[in-house]
2 protein chains.
Amino acid sequence: MRLVIARCSVDYAGRLSAHLPLATRLLMVKGDGSLLVHSDGGSYKPLNWMSPPCTLAESEPDEEQAAGGITQVWTVTHKKTADRLIVKIHEVLHDSAHELGIDPGLQKDGVEAHLQQLLAEQIERLGDGYTLIRREYMTAIGPVDILATDEAGASVAVELKRRGDIDGVEQLTRYLELMNRDPRLAPVRGVFAAQEIKPQARTLAEDRGIRCVVLDYDEMRGVDSGHARLF
Amino acid sequence: MRLVIARCSVDYAGRLSAHLPLATRLLMVKGDGSLLVHSDGGSYKPLNWMSPPCTLAESEPDEEQAAGGITQVWTVTHKKTADRLIVKIHEVLHDSAHELGIDPGLQKDGVEAHLQQLLAEQIERLGDGYTLIRREYMTAIGPVDILATDEAGASVAVELKRRGDIDGVEQLTRYLELMNRDPRLAPVRGVFAAQEIKPQARTLAEDRGIRCVVLDYDEMRGVDSGHARLF
DNA sequence: TCTTTTATTTCGGTT
DNA sequence: AACCGAAGTAAAAGA
C-alpha cells in the first residue's frame with residue numbers, strides 16, 4: 001500500500017462525471033492497483049475512487065498542465081469498463097509505501113467465534129446435564145471447537161459452524177476418529193451445531209451417528225448476559 | 001489526518017459481529033476523530049470504521065494484554081450510540097500526521113446537470129413552440145433551472161430534479177411567487193420536470209397549477225450526440 | 001449452481 | 001437541503 005498526501009485535483013469519467021477541485025488529500029494506492037481519494041473528514045466513503053481491477057499510470061504533465069502548476073498526472077483506468085480517474089498532482093507532501101500482506105479479515109469468523117463463546121456459556125442448549133470441558137480443545141489435527149460431557153459424563157465433541165455444510169461434518173468425523181483412539185477420552189460422540197444445517201450435511205451426519213443441533217443466534221445473544229449489553 | 005500502519009486486531013465491544021484478527025493494516029484517523037481501518041485490497045469500504053461524532057482514546061494495555069504482545073489499545077467511542085471500536089495494537093510500523101484543511105467537496109456533473117443540459121437542447125419536450133430563454137436564470141432567492149417561453153410567448157419556469165419530491169415543488173413555488181411579482185416577467189407558469197415524480201409531489205404541484213413532466217433520461221441521451229460517449 | 005460482494009445505487013433518516 | 005449509511009436491493013462476480 002502506498003500513501004501519498006498531495007495537493008491535487010481529481011476528475012472521474014464513468015457512470016457519471018465528477019470533479020474534485022484542487023485541495024490537499026490522501027491518495028491511497030492499494031496493492032491491487034485500486035485508488036482511494038480521501039479527505040480529512042466526512043464519511044468512511046472516499047471522495048472518489050477506482051475499484052479493482054484497474055491500473056495506475058503515472059505520467060509527466062504536458063506543457064499547459066505544467067504551466068498550471070501540475071507536477072505529475074496519474075491516470076487510473078478500469079480494466080473492464082471504460083471508467084477513468086485522473087489525478088492532477090500539484091505538490092506531494094508525503095509519500096510512503098508499506099507491505100501489509102493479505103488480510104484474514106472475516107466477519108464470518110466473528111460470528112462463528114461469538115457463537116462458540118455463546119454456546120460455551122449456554123452449553124445446556126445441547127441437552128440437560130451437559131458440562132463444558134474446554135473451548136478449542138487441541139488435537140493433533142487441529143482444535144475441536146468445544147469439548148463437553150453429557151449427563152452421563154461421556155465426552156462430546158462439538159463442531160460449530162455458521163452454515164453447516166458437508167465439509168464441517170467431514171471435519172468433525174476426522175476429530176472423532178482421532179479422539180476415539182485415545183483411551184482417556186473414548187468413547188467420544190459428536191454434535192454438529194450450526195445456525196443452519198444443509199440437508200445433505202444433516203443426512204451424512206446422522207448416518208454417522210452425529211447429532212445435529214440448529215442454533216438460534218439471535219436468541220442466544222438475547223439470553224447472553226455475561227457482560228453488559230450496549231444495546 | 002493521522003496515518004498509522006500497524007499490526008493490530010479490531011473488535012466491536014458488545015457485539016463481536018465484526019472481529020478482525022491480528023494483521024497489518026492502515027489506521028486512518030480523520031480530523032473529526034473518526035477512524036477507518038483499511039486493508040491492502042478489497043473495496044473502497046474499510047474493513048471496519050467508526051463514524052463521527054466519536055472520540056479516540058489511547059491507553060496502555062493491561063498486564064494480560066501486554067503479555068499477549070499488545071503495546072497499546074485504542075478505544076474509539078461513538079458520542080451518541082455508545083458504539084465502541086477497540087483496536088489492539090501489537091506493533092506500529094508507521095505513524096505520521098498531516099494537515100489537510102477542509103475539502104471543497106465533490107462536484108457531481110451527474111444526472112441532474114446532464115438532464116438540464118439535455119432539456120435545454122430539447123426544450124420542445126415540454127411542448128411545441130417552446131423556446132429556451134436561459135439556463136440557471138438567477139433570481140433573488142437562487143437560480144431557476146430553466147426559463148423558457150411557451151407557444152404563446154408566456155414565461156415558463158422549469159424546476160428540474162432527478163427524483164421529483166415535495167421539496168422540489170415547494171422550491172418551484174417560491175420561485176414562481178417571486179417571479180410573478182416582477183411585471184416584466186409575469187405571468188410565469190411552472191413546470192416540474194423529473195425522471196420520476198412521487199405521487200405526493202404530483203398532487204401538490206397540480207393543485208398549485210404546476211404542470212408535471214416526466215423525462216426519459218435514456219431517451220434524451222440517445223438523441224443527444226453533442227459529444228463522444230463512453231459507452 | 002450457489003454464495004459473496006459491490007454499487008460511483010437508491011432510499012430513508014438525521015442534522 | 002445536504003449528508004450519511006443501510007440495504008425484505010439487485011446484479012454481477014467468484015467459487
Side-chain angles (χ1 to χ4, degrees), chain A residues 10-20 30 32 34-39 41-54 76-87 103 105-111 161-167 194-196 198-201, chain B residues 17-18 30 32 34-36 39 41-54 78-81 83 85 102-114 141-143 145 159-175 194-198 200-201 217-218 230-231:
Chain A
V10 182
D11 284 283
Y12 170 77
R15 306 274 181 100
L16 54 77
S17 51
H19 173 72
L20 288 169
K30 292 199 172 188
D32 51 16
S34 58
L35 177 73
L36 279 62
V37 182
H38 266 281
S39 65
S43 65
Y44 67 82
K45 202 172 176 175
L47 293 166
N48 214 327
W49 69 94
M50 183 63 73
S51 311
C54 64
V76 188
T77 314
H78 198 273
K79 277 181 178 150
K80 299 203 164 178
T81 69
D83 285 19
R84 254 193 207 189
L85 198 61
I86 294 170
V87 184
D103 200 288
L106 283 176
Q107 186 174 355
K108 279 195 294 185
D109 288 353
V111 173
K161 291 288 180 199
R162 194 172 56 142
R163 278 201 343 264
D165 230 327
I166 277 187
D167 291 350
Q195 269 188 281
E196 176 204 350
K198 295 283 173 86
Q200 294 180 342
Chain B
S17 54
K30 291 199 172 190
D32 51 17
S34 58
L35 176 73
L36 279 62
S39 66
S43 68
Y44 67 82
K45 204 172 177 174
L47 293 167
N48 211 331
W49 70 93
M50 182 65 71
S51 313
C54 63
H78 197 273
K79 276 179 179 153
K80 301 206 160 178
T81 65
D83 250 346
L85 198 63
I102 54 161
D103 200 283
L106 186 67
Q107 294 170 8
K108 268 196 191 176
D109 305 330
V111 175
E112 189 172 324
H114 198 197
I141 56 174
D145 289 333
E159 176 65 32
L160 203 58
K161 291 287 180 200
R162 196 166 44 146
R163 267 190 9 245
D165 230 328
I166 277 188
D167 291 348
V169 179
E170 296 288 9
Q171 197 179 347
L172 178 55
T173 304
R174 290 194 296 274
Y175 286 136
Q195 269 189 281
E196 176 204 351
I197 296 179
K198 296 280 173 87
Q200 294 180 342
Y217 182 47
D218 293 330
L230 277 173
F231 306 105

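These numbers were taken from a predicted model, which means no experiment stands behind them. Just so it is clear: chains get the letters A, B, ... in the order the sequence lines come, proteins before strands, and each one is counted from 1.
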Trainee: Round to a whole Å and report the spacing from CH2 of B/Trp49 to C1' of D/dA6.
Mentor: 9 Å

Trainee: Ignoring backbone atoms, establish whether B/Arg163 has a side-chain N or O less than 4.0 Å from OP1 or OP2 of C/dT10.
Mentor: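 The answer is no; no side-chain N or O of B/Arg163 sits under 4.0 Å from OP1 or OP2.
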
Trainee: Mind checking the P distance from D/dT9 to D/dG5? Whole angstroms is fine.
Mentor: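 It works out to 23 Å between them.
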
Trainee: I'd like to know whether CD of B/Gln200 has more than 12 heavy-atom contacts from other residues, nucleotides or ligands below 6.0 angstrom.
Mentor: no

Trainee: The side chain of B/Ser43 lies closest to which of these nucleotides: C/dT9, C/dT6, D/dA1?
Mentor: C/dT6

Trainee: Nearest whole Å is fine: how far is D/dA2 C1' from B/Ile102 CD1?
Mentor: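 After rounding, the gap between these two atoms is 15 Å.
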
Trainee: Is B/Ser51 near enough to D/dG5 that one of its side-chain N or O atoms lies under 4.0 angstrom from OP1 or OP2?
Mentor: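 The answer is yes; a side-chain N or O of B/Ser51 sits under 4.0 Å from OP1 or OP2.
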
Trainee: For the pair B/Tyr175 (side chain) and B/Pro143 (backbone), establish whether a donor and an acceptor sit closer than 3.5 Å, ignoring hydrogens and angles.
Mentor: yes

Trainee: For A/Lys45, report the nucleic acid contact type (base, sugar-phosphate, nothing); a contact means any heavy atom under 4.0 Å.
Mentor: base

Trainee: Atom NZ of B/Lys161 to atom P of C/dT10: distance rounded to whole Å?
Mentor: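 Whole-Å distance recorded here is 16 Å.
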
Trainee: Please measure how far the P atom in D/dA12 lies from the corresponding atom in C/dT10, and state the result in whole Å.
Mentor: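 Roughly 14 Å separates the two P atoms.
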
Trainee: Below the 4.0 Å mark, does C/dT3 have OP1 or OP2 next to a side-chain nitrogen or oxygen of A/Lys198?
Mentor: yes

Trainee: Quick check: does any side chain N or O of A/Asp32 sit under 3.5 Å from a backbone N or O of A/Ser34, one acting as donor and the other as acceptor?
Mentor: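 Indeed, once roles are kept as given, a pair shorter than 3.5 Å links the two residues.
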
Trainee: Atom CD1 of B/Ile141 and atom P of D/dA1: how far apart are they, to the nearest Å?
Mentor: 10 Å

Trainee: Over how many whole Å does the gap from B/Gln200 atom CD to C/dG12 atom C1' extend?
Mentor: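 Distance check: B/Gln200 CD to C/dG12 C1' gives 13 Å.
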
Trainee: Within the 4.0 Å heavy-atom criterion, would you say B/Arg174 contacts the bases, only the backbone, or no part of the nucleic acid?
Mentor: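 The residue B/Arg174 makes sugar-phosphate contact but no base contact.
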
Trainee: Please confirm whether the shortest side-chain N or O distance from A/Lys79 to OP1 or OP2 of D/dA13 is below 4.0 Å.
Mentor: no

Trainee: Closer than 3.5 angstrom, by distance alone: can the side chain of A/Lys30 be matched with the main-chain N or O of B/Ser43 as a donor-acceptor pair?
Mentor: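 Confirmed, A/Lys30 side chain pairs with B/Ser43 backbone.
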
Trainee: When the nearest nucleotide of DNA chain C is assigned to B/Arg162 and to B/Tyr44 on a heavy-atom basis, which residue is associated with the more 5' position?
Mentor: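 The residue mapped nearer the 5' terminus is B/Tyr44.
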
Trainee: Round to a whole Å and report the spacing from CG of B/Leu47 to P of C/dT6.
Mentor: 11 Å

Trainee: Using every non-hydrogen atom in the two residues, find where A/His78 and A/Cys54 come nearest and quote the distance to one decimal.
Mentor: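 That would be CA-CB, 3.8 Å.
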
Trainee: Can you tell me how far C1' of D/dA2 sits from CG of B/Asp165, to the nearest Å?
Mentor: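 Rounded to whole Å, this separation is 14 Å.
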
Trainee: Roughly how many Å is it from CG in A/Asp167 to P in D/dA15, rounded to a whole number?
Mentor: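 In whole Å, D/dA15 P lies 16 Å from A/Asp167 CG.
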
